[in-house]
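One structure below.
Order of listing sets the numbers, starting from 1, for every ligand and every atom in it. Excluded from the calculations below are hydrogen atoms, water molecules and symmetry mates; all remaining heavy atoms, backbone and side chain alike, are included.
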Amino acid sequence: MGLPFPYSNFKLVDSHNRLIHKLRISLLDACNMNCLYCMPDEKEFMAKKSWVSGEELCEISSKLVVYGIDEIRLTGGEPLLRPDFRKIVNGLDKLPLSKFGLTTNGIHLERELEFLKGTSLKYLNISLDSLNKENFEKITQTDTFARVYHSIVKAHSMGFKVKVNAVLLKGINDNEEELDKFVEFAQKTGIEVRFLELMRIGVANHYFEKHFVSAGEIIERLKLKNQLKDKKMPKDSTSFNFFLSKGGEIGFIASESRPFCGHCSRLRLGADGALRPCLFIDQGVSLRGLKAEDFLKTLKQTIKLKPFDRIDTVGQAMHQIGG
Ligand code: SAM
Ligand code: SF4
């Protein structure tokens, strides 16, 4: 593809001295799961004609790389539902990235693993909210437990850098049996399990009061049975992690009780080409078709809008923003 812009010394550093170098790209807002805390009953998906084409998406990304983006993660909705998924990965594969990843619910992951093996996309975050089949299926409202579990184990065995993401919901999947299973899974497989606090986004706003459980509470409960040793993490890591004494690692993304906004290094590109400064800001400015000068101006303006403190809540659904 070649970089369309001359090399730039300009780096994306905001007024709080945060170096912005990570990009989340939402490939589409549609999904084949209906996770209780993410997908509203009444869903409205973006018209396909509004999606940025694969080619344009790679073009926009290549421009962002010129200004210092060196990590890209594909997400959605469910990114593997995008018909031109492979074309997009092949396009982005040509960029000089230090990290290229994908966040997926795993339903269609197995069919993509051989393809992905031949690319630089090596970092797979796979959602698995429960190791109990019934609970998993209650949360995701699908009967896909075996399929998702299998794809996680297979991806790990093929050498991908796999992490499991589990959103813990009080009274649903935060009981002792669930926690024990996750710890055992992390120890046995060596796959990092990350517990996500429920965030006040979209439909989750209605679940929050009843089902929010803090990372602090889970850590206290885990410590009753396990020894947890702090792991040193990069400054802009969204998670804080612990090594388990019997092997394996667990992490926490505690956006509610321990927000990481002050060190945030991310921008978000929507499936429609709009660039957002933050997960909690539900509007962005389109990067489509911009000339070099306007592109940089838009970037600078967007970065200025990055909040330093956590914004309480956002009404837009997570699948629309791109998690
Ligand atoms: N469909 C893919 C998946 O589920 O992995 C990618 C998109 S999904 C929006 C990305 C991540 O956001 C998932 O791990 C999901 O559990 C998480 N998520 C969605 N809504 C959330 C919420 N309200 N609070 C915390 N995490 C949430
Ligand atoms: Fe789909 Fe992911 Fe949202 Fe679940 S969390 S409904 S898998 S987008």
Any carboxylate oxygen within less than 4.0 angstrom of a Lys/Arg side-chain nitrogen, looking at [X] and [Y]?
| X | Y | value |
| --- | --- | --- |
| Glu71 | Arg266 | no |
| Glu192 | Lys161 | no |
| Glu137 | Lys133 | yes |

Please report the C-alpha distance between Arg221 and Glu217 in whole Å, then the side-chain angles of each, then the deciding distance to 0.1 Å, and finally whether the salt bridge (Lys or Arg N to Asp or Glu O under 4.0 Å) criterion is met. CA-CA 6 Å; Arg221 285 167 48 196; Glu217 181 183 330; 3.4 Å; yes
Could you tell me if the side chain of Arg18 sits less than 4.5 Å from the side chain of Leu12, heavy atoms only?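 Contact flag for Leu12/Arg18 side chains = no.
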Among side-chain atoms of Ser239 and Asn241, is any donor-acceptor pair under 3.5 angstrom?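 Yes - a donor-acceptor pair under 3.5 Å links their side chains.
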Proximal protein heteroatoms (N, O or S) of atom 1 (Fe) of ligand 2, under 2.8 Å: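 Result, waters dropped: Cys31 SG.
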Qualifying residue for side chain to side chain contact (heavy atoms under 4.5 Å, CB included) with Phe212, from Glu197, Lys170, Arg200: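 Single side chain to side chain contact (heavy atoms under 4.5 Å, CB included) partner of Phe212 among Glu197, Lys170, Arg200: Glu197.
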Using 30° and 60° as the class boundaries, would you call the ring planes of Tyr67 and Phe295 parallel, tilted or perpendicular?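 Taking Phe295 first and then Tyr67, their aromatic rings lie parallel (interplane angle under 30°).
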Atom-level proximity to ligand 1, residues with heavy atom under 4.0 Å: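 Ligand 1 pocket, heavy atoms under 4.0 Å: Tyr37, Cys38, Thr75, Gly76, Gly77, Glu78, Thr103, Thr104, Asn105, Ser127, Asn165, Val167, Leu196, Glu197, Leu198, Met199, Ala204, Met318, Gly323.
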Mind checking the CD-CD1 spacing from Gln187 to Ile250? Nearest 0.5 Å is all I need.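 Between Gln187 CD and Ile250 CD1, I get 9.0 Å after rounding to 0.5 Å.
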